[in-house]
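Heavy atoms only: backbone and side chains are in, while hydrogens, waters and symmetry mates are out.
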Amino acid sequence: MERTYVGDLKENIGKTVKLEGWLQTLRDQKKMQFLILRDPTGLAQVANFKPNDEELAARISQVNPESAIIVTGKVVENPVVKLGGIEVQLETLTVDNLAESPLPFDPFGETLPMLDYRLDWRYMDLRRPINSLLFKVETLVQQAMREYWSQKHFVEMHSPKLTSSPSESGAELFSLDYFDRKAYLTQSPQFYKQMAMAAGFERIFEIGPVFRADPSFTARHMTEFTGVDVEISWIDSHEDVMEFQERWLQYVYQRVKDEYGDEIKEIFGVDIVVPEVPFPRIPMAEAVRILKERGYTIPAEKKGDLDPGGEREIAAYVKEKFNHDFVFLTDWPATVRPFYHMRLAPDSPLTRSYDLIANGLEITTGAQREHRADILAKQALEKGLHLEPIQYYIDFFRYGCPSHGGFGLGLARLMMVLLNLNNIRESVYIFRGPTRLNP
RNA sequence: GGGGGCGUGGUGUAGCGGCUAACAUGCGGCCCUGUCAAGGCCGAGAUCGCGGGUUCGAACCCCGUCGCUCCCGCCA
């Protein structure tokens, strides 16, 4: 018999169907047994009149909550039933996999264990509908991103995650044995994205893993995460990159709202607001002034940079002034940016770069890249870098590499913002942090 | 890496110098019941993270250690 989903029971009244799912609750009474079966589409009540088959009834009594079960039965209307006025009258029951008892925790209990404990038993935690919705939304987010890229003729890249040298400072690299030498896990596909520009691919994207050996213990950092990277050729400035990114994000939000807006409202209690374009843009110098006006003191050592509190304060300002959840902070001082960001003008202390702050959280860094080999080398030296390890990279720009720029976005951070989660560990399938390597 | 907080049955909490360590939930048993956040009764389950110290006496105070957590640094 073909499987019927709980969500399709209404269309099958009077028929005998097969359901596959988990036993969420068993209410075992004198004459009746009620099995609440959960599948990805919802909950259904399965009823068994015990005197019909005492042997079957005895077997049901032995089935523990969260067991994987397969039942067949006739779908009947019954206005008394609070679960949609429908129930399935049990005919057969197969226990596909008995759940041991007791469970490490009840995913449907009134109080949930703390996050860290739930991460130990992540597959149980993921049985909660809020989590399955999260990953359905994440799937759509990536699909929508690809739809937009596809319309704009982007090419998808898969760059290597094993590298011989750091792409930036090198302080945050995981190293590993690579036959008789050392290799590193990439901290960013940055150089390879730019190589594609030198290759003439013009517009590329990559969704892939990124590794950071930072001992960071915050609600928004991971040692391994999924980076969404974009690089575009023939641009005039970072403004072109921002313009692309805001429209792309607007498209993603629109798709999510259209498809899951109601469900997200119901389960996460969040109204998806499709952002208006253009997003507000604030040059860093002005941001610093605004913060000063609002009485926010940036830590002295930051020098043109913003601390997370400053980012949240700017986000609050933007919300008040423009009623917008996003803000591009632009034109960062070169001192706080990597060597490959292009200067605003020759020898300017500022760069053609931006951060995208969403609801106070930094989700993107983007920039126009310096594509003139001689200036790039000079900027690297100014940052105290040695040219030898990055010479192959600088060489990308020796034989006709067009002007270009792009950005990197943290997928899990975007999910945090989208669904208003306060910890990135909840917005990623399996969290990796300095002390978390399992499961 | 720096600073603050926390660590008590499976889980979530209470207790903060004299307790046979309490409550909820879950678990086991019995009773009732077309149930539906089911209800009632009974029961099992913690040497209070670990190590040391102070004290007549420590879950409770002190030191160390480990783990978690929050903030900062770093960033996506």
Side-chain angles (χ1 to χ4, degrees), chain A residues 24-37 43-50 61 64-66 76 78-87 89 99-121 124-125 168-169 171-172 187-190 207-230 299 301-302 305-312 336-338 355-358 361-366 407-417 422-425 427-428 433-436:
Chain A
Q24 188 157 320
T25 306
L26 170 64
R27 284 191 273 275
D28 200 346
Q29 304 188 75
K30 190 167 207 168
K31 289 201 171 149
M32 295 293 302
Q33 287 167 318
F34 299 96
L35 299 82
I36 307 304
L37 181 145
L43 295 172
Q45 171 163 300
V46 178
N48 183 47
F49 183 60
K50 291 167 100 169
S61 297
N64 294 322
E66 289 304 308
V76 298
N78 184 347
V80 175
V81 179
K82 291 184 179 172
L83 270 172
I86 287 181
E87 74 179 4
Q89 295 177 332
E100 292 178 23
S101 178
L103 298 166
F105 75 94
D106 177 6
F108 301 92
E110 287 183 22
T111 58
L112 283 173
M114 283 159 48
L115 179 58
D116 194 62
Y117 181 84
R118 298 201 322 264
L119 295 186
D120 287 337
W121 299 95
M124 297 302 293
D125 192 40
E168 288 170 33
S169 67
E172 51 185 26
Q187 61 193 149
S188 152
Q190 184 60 36
I207 299 180
V210 179
F211 304 89
R212 302 279 167 90
D214 281 326
S216 284
F217 298 90
T218 74
R220 58 186 187 281
H221 284 88
M222 301 187 277
T223 50
E224 174 179 355
F225 63 93
T226 300
V228 179
D229 276 272
V230 165
E301 73 279 7
K302 299 296 288 189
D305 202 351
L306 279 193
D307 58 320
E311 286 177 351
R312 287 189 291 270
V336 296
R337 295 264 123 166
D355 277 4
L356 176 58
I357 310 297
L361 181 68
E362 180 178 339
I363 62 170
T364 282
T365 295
F407 62 87
L409 172 142
L411 181 61
R413 285 197 177 178
L414 178 62
M415 296 307 296
M416 279 176 82
V417 170
N422 52 31
N423 197 313
I424 203 163
R425 295 164 204 196
S427 79
V428 70
T435 59
R436 169 67 70 174

* Separation of atom CE in A:M222 from atom P in B:C75, rounded to whole Å -> 17 Å
* Between A:N64 (side chain) and A:A99 (backbone), is there a donor-acceptor pair under 3.5 Å? -> yes
* Taking all non-hydrogen atoms of both residues, which atom of A:I363 and which atom of A:A358 are closest, and how far apart? -> CD1-CB, 3.8 Å
* Between A:K50 and A:D28, does at least one N-O distance fall below 4.0 Å, as a salt bridge requires? -> yes
* Using the P atom as the reference point in each nucleotide, state the distance between B:G3 and B:U20 in Å, no decimals. => 39 Å
* Taking atom C1' in both B:U65 and B:G9, compute the distance separating them and give it to the nearest angstrom. => 25 Å
* Asked: Donor-acceptor pair, A:S427 side chain versus A:A412 backbone, under 3.5 Å?
  -> yes
* Before giving the answer on side-chain contact (heavy atoms from CB on, under 4.5 Å), spell out for A:L103 and A:W121 the whole-Å C-alpha distance, their side-chain angles and the decisive distance to 0.1 Å. => CA-CA 10 Å; A:L103 298 166; A:W121 299 95; over 6 Å; no
* Could you measure between the two C1' atoms, the one in B:C48 and the one in B:C6, and give it in whole Å? => 14 Å
* To do: Name the nucleic acid region contacted by A:R312, choosing base, sugar-phosphate or nothing; use a 4.0 angstrom heavy-atom cut-off, strictly under.
  => sugar-phosphate
* Which base, if any, makes a Watson-Crick or G-U wobble pair with B:C36, both distances under 3.5 Å? -> none
* Asked: Are A:V210 and A:M222 close enough that some pair of their side-chain heavy atoms sits under 4.5 Å apart?
  -> no
* To do: Would you classify A:R425 as touching base, sugar-phosphate or nothing, given that sugar-phosphate means primed atoms plus P, OP1 and OP2, and contacts are heavy atoms under 4.0 Å?
  => sugar-phosphate
* Asked: Using a cut-off of less than 4.0 Å, is there contact between a side-chain N or O of A:T435 and OP1 or OP2 of B:C68?
  -> yes
* In whole angstrom, give the distance that lies between atom CG of A:L306 and atom P of B:G73. => 10 Å
* Sticking with atom C1', work out how far B:U8 lies from B:G4, rounded to a whole angstrom. => 22 Å
* Using the P atom in both, what is the distance from B:A46 to B:C31, to the nearest Å? -> 28 Å
* To do: Determine yes or no for a side-chain-to-main-chain donor-acceptor pair under 3.5 angstrom, with A:R220 supplying the side chain and A:I424 the backbone.
  => no
* Can you check the A:E311 CD to B:C71 P distance for me, whole Å? -> 14 Å
* Asked: Using the P atom in both, what is the distance from B:G17 to B:A38, to the nearest Å?
  -> 40 Å
* Asked: When you look at A:F34 and A:Q29, which way does the side-chain contact (heavy atoms from CB on, under 4.5 Å) test go after all the steps?
  -> CA-CA 8 Å; A:F34 299 96; A:Q29 304 188 75; 2.8 Å; yes
* **For B:G9, the Watson-Crick or wobble counterpart (both distances under 3.5 Å)** => none
* **Protein-nucleotide distance (A:E66, atom CD; B:G26, atom C1'), rounded to Å** => 13 Å
Below 3.5 Å between N/O atoms, which protein atoms pair up with nucleotides 64-66 of chain B? Just atom names and distances, please.
none

* Just by distance, do the side chain of A:R118 and the backbone of A:P113 share a donor-acceptor pair under 3.5 Å? -> yes
* Check for a donor-acceptor pair, side chain of A:S216 on one end and backbone N or O of A:T218 on the other, with a separation under 3.5 Å. => no
* Can you tell me how far C1' in B:C19 sits from the matching atom in B:G34, rounded to whole Å? -> 46 Å
* With heavy atoms under 4.0 Å as the rule, sort A:N422 into base, sugar-phosphate or nothing. => nothing
* Grab the CG-P distance between A:N423 and B:U69 for me, whole Å please. => 8 Å
* Reading nucleotides 30-35 of chain B from the 5' end, what letters show protein touch, with B for base, S for backbone sugar-phosphate only, - for no heavy atom under 4.0 Å? -> --SBBB
* Under a 3.5 Å cut-off for both distances, is B:A14 Watson-Crick or wobble paired, and to whom? -> none
* Indicate for each nucleotide in nucleotides 6-14 of chain B, in 5' to 3' sequence, whether protein heavy atoms under 4.0 Å reach the base (B), only the sugar-phosphate (S), or nothing (-). => ----SSS--
* Less than 4.0 Å between a side-chain N and a carboxylate O, is that true for A:R436 and A:D120? -> yes
* **Interatomic distance where CZ belongs to A:R436 and C1' belongs to B:C68 [whole Å]** => 10 Å
* Asked: A:L414 has an atom CG; how far is it from atom C1' of B:A76, in whole Å?
  -> 11 Å
* Look at A:R220 and B:C74 and indicate whether a side-chain polar atom (N or O) is within less than 4.0 Å of OP1 or OP2. => no
* Spacing of A:R337 atom CZ relative to B:A76 atom C1', expressed in whole Å -> 12 Å
* To do: Mind running side-chain contact (heavy atoms from CB on, under 4.5 Å) on A:V80 and A:E87 for me, showing each step along the way?
  => CA-CA 10 Å; A:V80 175; A:E87 74 179 4; over 6 Å; no
* To do: Show the numbers, then the answer: is there a side-chain contact (heavy atoms from CB on, under 4.5 Å) between A:L411 and A:F225?
  => CA-CA 8 Å; A:L411 181 61; A:F225 63 93; over 6 Å; no
* If you measure from the P atom in B:U54 to the same atom in B:A59, how many Å do you get, rounded? -> 16 Å
* With distance as the sole test, does A:R413 use its side chain to make a donor-acceptor pair with the main-chain N or O of A:E362 at under 3.5 Å? -> yes
* Under 4.0 Å between a side-chain N/O of A:S216 and OP1 or OP2 of B:C75, yes or no? -> no
* Go ahead and name the base partner of B:C27; Watson-Crick or wobble counts if both distances stay under 3.5 Å, otherwise write none. => B:G43
* To do: May I ask you to say what A:G109 touches in the nucleic acid, namely base, sugar-phosphate or nothing, with a heavy-atom cut-off under 4.0 Å?
  => nothing
